[in-house]
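Below is one structure, written out as structure tokens; comments come after it.
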Amino acid sequence: MKERSHRLRGMRGTGTARDRVLLYTLVPLGMFLFALGVVGARTGLTVLPFDPHHIGLQVGGLAVAFIGLRHWK
């Protein structure tokens, strides 16, 4: 009776300290990179010299944010 069933706990189990650190660092970092890419595309400021259209920065920011969201337990 000490252990909760998997229906109450969720299929992925409980989160660890590592999951919380990754969640709280990767999601804001990804959102910042995405926002930086959007602002750069609207204003014409080049943040990365090899990415003049800011597509890589926006896609990379979203990828980092979604990787961080995978650690939400």
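The residues of the chain are indexed from 1 along the displayed sequence. Not measured: the values here are computed from a predicted model.
- With sequence neighbours excluded, the residues forming a side chain to side chain contact (heavy atoms under 4.5 Å, CB included) with R42 are V38, listed by chain and number.
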Between side-chain atoms of residues 54-66 and protein atoms elsewhere (two or more places apart, or another chain), which donor-acceptor pairs fall under 3.5 Å?
residue	atom	partner	partner atom	Å
H54	NE2	G40	O	3.2
H54	NE2	L45	O	3.0
Q58	NE2	G37	O	3.2

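- Distance check: Y24 OH to D19 CG gives 11.0 Å after rounding to the nearest 0.5 Å.
- With a 4.5 Å cut-off on side-chain heavy atoms, V27 and L23 count as touching.
- With values rounded to the nearest 0.5 angstrom, M31 atom CE is found 12.5 Å from L26 atom CG.
- Annotation: the span from L36 atom CG to L48 atom CG amounts to 8.0 Å, rounded to 0.5 Å.
- Clustering ILVMFWY residues whenever any of their side-chain heavy atoms sit less than 4.5 angstrom apart, transitively, puts L29 in a cluster other than the one holding F34.
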